[in-house]
Amino acid sequence: MSILRSPYVKLVLVFVCVSFLQFPIPLFATLTLQSSLSVTETYTDNLFFESQKNKRDDFGTFVIPSLTLAYESPDVILSGTYFGVAQFYVNHPSTNAYTHRSRIGIDLPFLTKRYKGLEVRLVESFNFTPALQGFSFEGDPANQDNPLPGQPGQGGRAGGFGGGGFGGGFGGGGIAGNSTSIGNQGVFTGRRGSNSFQNRAGVIVRYHMSPRWIPNASYLNRYTTFTDSDLNDSLTHTLGAGTSYIVSPRTNVNANYRASISDINDGDTVVTHSVTAGFGHTLTPTLNFRARAGASFTESADRITFTSSANITKNFEAGMLGVSYFQGVTPGGGLSSTGVLTQRGTATWSYPLTERVSGFLAGGIAKNKSLSGNEVDVLSYQGQVGFSALLLPWLSGNISYSYIKQTSDGSATASRTAKVNQGFIGLTARLPDWRIMR
């Protein structure tokens, strides 16, 4: 299932292609390849996230290649990123695996030139994770204010709780050693042996009706499948529309509507309508605050839920402090055959200790509860602390410690309490940018 299966998106792609053909081949364009290679050694005292009496420890090696190919011309900006994680364990070689992640983004400045004020972005990504160990269901909503070129600072959550967002191992990578986005923020299970594949595709459109009014629309198609027949495949379509109004150079307000339709195999068809209003304000050049509140109505559960999010970020000369909160309905799938209420709070801090050494600290708490039934009822805590150092202009190192605790009362999450302690030490080599074309 992909973006091309949607008639709506097909029409958009045809429109884009026809418009693009009217432009000559650009006289100026650059094609750049960026690459890096990381090697991390880790120790975990609970590899399979079992209860304390059944836990098993192990040493692991993660080899992580990363490639980013960027094409930029006056008419088209194309970026593609590939990220892999090869996992090797000493005592449990049966858990060795290789995870693939990829993301493609296409921005179309030529449409802005031809249709003044119009901005369009196409997005596509996939994630293949063999022998997935920590996961439950996908919970990231479509984000109507996802940043487009020239719109910095308007995006949604960066590095969510459980998505591998902190330090390259905090959250989804905490158990399996990879930064998978399969699986809702803050939920882990001891289940293993199921391969998973997820494909996302979508289109985001904004139109500058005036210097202050900026309407937006978006569509996201997400398909997630598992080889384990006990887990629920899902196909989700999300449509969004809204507008933002720039009150002043430092303040903007917005209102959005989102409809999510999730068809869960052997489960509900979860249809959720959400209406939110919010604002963003730059308190100082380095201090930003965003907040949003509204309500969601889930048809299958016949339930109205209060939804909200808030984020405050303080940027220092070479560090940052961020605090965020989110509450909303996520569509389910994986362990859950119904919609889920997700609540999550996170805090992150990083700061340079010397010219070459920085410290970071992160923590979070998340609660996930099925809207109906008791499949999922999980409370999770996570924390991570560590240091990173620039050893050479092209080589950096890091050392960190991660702690995870989860209390589960749901029938699909084994109704148990589990704890994991992990230590990481690694090196990352960044190769010089290779300009293939300029």
Side-chain angles (χ1 to χ4, degrees), residues 135-145 156-157 160-163 182-187 189 218-224 230-242 254-278 291-311 324-346 364-380 406-415:
F135 67 96
S136 63
F137 42 83
E138 177 53 40
D140 292 333
N143 197 335
Q144 282 87 26
D145 54 0
R157 304 183 310 278
F161 181 60
I182 306 278
N184 199 42
Q185 275 76 348
V187 179
T189 76
S218 64
Y219 168 79
L220 177 68
N221 173 296
R222 184 179 66 245
Y223 176 64
T224 307
D230 291 336
L231 301 174
N232 301 294
D233 298 350
S234 63
L235 173 63
T236 301
H237 302 274
T238 303
L239 290 169
N254 58 77
N256 293 278
Y257 165 77
R258 181 170 61 91
S260 175
I261 306 170
S262 183
D263 186 11
I264 302 173
N265 188 38
D266 296 327
D268 294 343
T269 296
V270 181
V271 180
T272 300
H273 305 270
S274 301
V275 178
T276 60
R292 180 177 294 178
S296 295
F297 173 67
T298 305
E299 295 182 6
S300 58
D302 193 22
R303 176 172 171 176
I304 297 177
T305 306
F306 173 72
T307 61
S308 63
S309 64
N311 179 277
S324 66
Y325 174 79
F326 169 81
Q327 174 175 301
V329 176
T330 54
L335 291 172
S336 177
S337 60
T338 67
V340 174
L341 176 63
T342 297
Q343 299 169 290
R344 179 179 61 253
T346 63
I365 180 173
K367 181 173 178 58
N368 291 271
K369 179 73 170 67
S370 299
L371 290 178
S372 60
N374 192 41
E375 286 182 306
V376 174
D377 186 359
V378 177
L379 181 62
S380 302
Q406 175 178 288
T407 301
S408 170
D409 294 320
S411 60
T413 49
S415 298

Could you walk me through whether Gln343 and Lys369 pass the side-chain contact (heavy atoms from CB on, under 4.5 Å) check? CA-CA 9 Å; Gln343 299 169 290; Lys369 179 73 170 67; over 6 Å; no

What's the spacing between [X] [atom1] and [Y] [atom2] if we round to 0.5 Å?
X: Arg222; Y: Thr236; atom1: CZ; atom2: OG1; answer: 4.0 Å
X: Phe326; Y: Thr307; atom1: CZ; atom2: OG1; answer: 7.5 Å
X: Ile304; Y: Ser296; atom1: CD1; atom2: OG; answer: 10.0 Å

Is [Y] close to [X] at the side-chain level, that is, under 4.5 Å between some pair of heavy atoms?
X: Asn221; Y: Leu235; answer: yes
X: Tyr325; Y: Thr346; answer: no
X: Thr276; Y: Arg258; answer: no

Testing the basics here: between [X] and [Y], what is the closest heavy-atom pair and its distance to 0.1 Å?
X: Lys367; Y: Leu379; result: CB-CD1, 4.0 Å
X: Ser370; Y: Glu375; result: OG-N, 3.7 Å
X: Thr338; Y: Val270; result: C-CG2, 4.0 Å
X: Leu371; Y: Arg303; result: O-NH1, 3.5 Å
X: Gly242; Y: Asn256; result: CA-OD1, 3.6 Å
X: Asn232; Y: Asn265; result: OD1-O, 2.9 Å

Between Gln327 and Phe306, is there a donor-acceptor pair closer than 3.5 Å when you use the side chain of the first and the backbone of the second? yes

Donor-acceptor check, side chain of Thr330 to backbone of Val340, threshold 3.5 angstrom: yes or no?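 It does hold such a pair.
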
List the steps, then state whether side-chain hydrogen bond (donor to acceptor under 3.5 Å, both in side chains) holds for Thr272 with Ser260. CA-CA 5 Å; Thr272 300; Ser260 175; 5.7 Å; no

